[in-house]
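Working notes, structure below.
What you see is a predicted model; the values in this text were computed from it and never measured. In listed order, ligands and their atoms are each counted from 1.
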Amino acid sequence: MTKSILGYSKKALEEILSSLNQPKFRAKQIHQWIYSKFSADFSAMKNIPKKLIESLEENYSVNPFSLEHCLKASDGTEKFVLRCQDGKLIETVYIPSEKRRTVCISTQVGCPVNCVFCASGKAGLIRNLSAAEIAGQILFIANRYGKMPTNIVVMGMGEPLLNPHTIEGLKIVTSEEFFNLGARHVTVSTSGIVPGIKKLADEQIQWNLAVSIHAPSDELRRNIIPDKCRYPLTEIIDACKYYLQKTGRKITFEYTLVKGENDSYDNAVNLAKLAKTINAKINLIPLNSIEENSSTPTKSDLNKFVSTLQKNGALVTIRNSRGDEIAAACGQLKNQIENQQKSSVETAQKEN
Ligand code: SF4
């Protein structure tokens with residue numbers, strides 16, 4: 001296995017190069033190839049001598065993935081299953097629109113939180129992604145499309161605030177030395193991990209924070225987010241206040257609307273009240289059901305919920321479900337690919 005040099009400072013690269021008897025200026029060239037021209041392999045770096053490329057390739061790589069599978073929806077949304085160097089699969093989604101090129105990235109293989117409606121949490125946490133693997137998803141997309149995405153949402157597989165490498169990975173995306181994307185174009189979505197929210201706040205970087213509230217009371221939230229990783233709402237609100245105080249960024253409540261579970265009139269009234277305590281926006285996400293749990297709300301359920309929220313003074317947006325036909329809910333496509341691969345291995349074993 002090689003080590004990705006994504007996120008290596010010029011100084012760190014100079015040290016590697018000097019151990020290979022190479023001049024320091026090569027570090028600047030390599031940085032330009034990666035962070036300005038989005039080269040994902042040393043072999044694409046045209047002004048780097050072939051011999052040096054071969055030496056670097058012995059121990060290092062640029063992008064730590066290979067493409068396993070991709071599917072494109074009619075609305076242009078493209079979902080990628082990427083294979084990490086240890087064989088684990090993750091998902092990255094590219095969501096183009098008229099004004100934006102958004103990428104949804106993963107931070108873990110699997111997820112320890114296991115929200116009831118999510119395919120990613122079904123097998124628990126397999127492992128955290130490294131900082132290079134987090135930032136590598138941006139390089140993968142920038143390399144494929146020839147330009148940087150305009151917006152990053154950290155809403156793919158995994159709970160970002162339970163991965164100690166998330167902050168470092170995001171710094172590769174937003175720091176001037178690397179991809180230099182404006183911090184305000186990055187949104188970190190958490191299921192409400194209180195220590196993680198505080199740690200993110202302490203960075204005092206203008207990343208946006210989205211908290212998956214999913215229910216306006218602890219009692220109801222218990223049915224959606226299992227005990228192990230769930231924090232009480234009062235603690236989450238306090239952590240959000242701390243985030244506001246440290247960064248000044250408006251917080252979003254993500255609310256996955258599940259028919260018959262959290263879509264009552266009272267739920268809407270109480271959600272609006274909760275949002276008001278920190279002046280949060282509410283982003284409603286009609287459930288994109290996975291096979292075992294099909295409780296997608298109808299348009300009329302959704303409209304009723306929105307109207308009650310608005311009558312109670314909440315600022316509401318509805319997230320468009322993009323790329324439904326390509327299994328766009330987090331973890332679905334990766335699970336499908338794994339299941340297909342598993343069944344072809346089983347068939348091959350039976351045939352032998
Ligand atoms: S919704 Fe997010 S936090 Fe919940 S299980 Fe899925 S990936 Fe994890």
Side-chain angles (χ1 to χ4, degrees), residues 79-82 84 88-93 95 103-129 133-134 137 152-166 169-170 186-197 199-200 208-215 218 220-233 235-236 239-240 251-258 261-262 282-296 319 321-323 327-336 338:
K79 187 162 211 169
F80 301 95
V81 176
L82 303 178
C84 303
K88 301 284 182 289
L89 300 180
I90 61 160
E91 287 182 359
T92 303
V93 187
I95 310 155
V103 180
C104 176
I105 61 171
S106 298
T107 51
Q108 295 179 316
V109 181
C111 180
V113 181
N114 195 14
C115 301
V116 288
F117 46 73
C118 176
S120 292
K122 296 293 163 227
L125 174 67
I126 313 294
R127 72 166 173 87
N128 288 317
L129 295 188
E133 287 171 326
I134 291 170
Q137 295 167 74
I152 311 294
V153 291
V154 191
M155 294 182 183
M157 291 168 57
E159 165 50 68
L161 300 188
L162 287 176
N163 178 348
H165 311 301
T166 295
L170 294 181
V186 173
T187 300
V188 180
S189 174
T190 175
S191 60
I193 304 299
V194 167
I197 295 174
K199 211 165 161 219
L200 201 68
N208 301 303
L209 179 68
V211 182
S212 297
I213 290 292
H214 299 325
D218 288 317
L220 194 55
R221 242 178 142 243
R222 193 168 291 140
N223 300 338
I224 297 172
I225 303 180
D227 289 348
K228 197 172 57 152
C229 300
R230 196 188 61 252
Y231 284 80
L233 279 170
E235 288 184 31
I236 293 175
C240 287
I251 289 168
T252 302
F253 280 174
E254 304 280 350
Y255 196 95
T256 299
L257 200 65
V258 187
E261 183 65 41
N262 61 358
I282 297 168
N283 189 21
L284 278 183
I285 309 153
L287 180 74
N288 186 340
S289 60
I290 57 172
E291 297 89 354
E292 313 98 88
N293 185 352
S294 163
S295 308
T296 306
R319 188 190 302 167
S321 220
R322 299 284 307 267
C330 126
Q332 277 179 275
L333 183 61
K334 175 221 155 233
N335 287 358
Q336 282 173 12
E338 274 177 352

Fill in the blank from the handout: Min over G121, G158, G192 of heavy-atom distance to atom 7 (S) of ligand 1 lands on G158

Exercise for the section: Heavy atoms only: give me the nearest Y231-P195 pair and the separation to one decimal. Expected result: OH-CD, 3.3 Å

Completion exercise
Residues passing the salt bridge (charged side-chain N to carboxylate O under 4.0 Å, His left out) test with E133, sequence neighbours excluded, are R127

Exercise for the section: Using distance alone, with no hydrogens and no angle criterion, decide if E159 and T107 have a side-chain donor and acceptor under 3.5 Å apart. Expected result: no

Handout entry: Part of N114 within contact of ligand 1 (heavy atoms, under 4.0 Å)
Key = backbone

Practice task
Using a cut-off of strictly less than 2.8 Å, determine whether C111 has an N/O/S atom near atom 8 (Fe) of ligand 1.
Solution key: yes

Exercise for the section: Taking both backbone and side-chain atoms into account, decide whether C118 has an N/O/S atom under 2.8 Å from atom 6 (Fe) of ligand 1. Expected result: yes

Problem - Cationic N near anionic O, under 4.0 Å, D227 to R230 - result: yes

Handout entry: T166 and N128, any side-chain heavy atoms less than 4.5 Å apart
Key = no

Problem - Per atom 4 (Fe) of ligand 1, closest listed option by heavy atom (P226, A119, C115) - result: C115

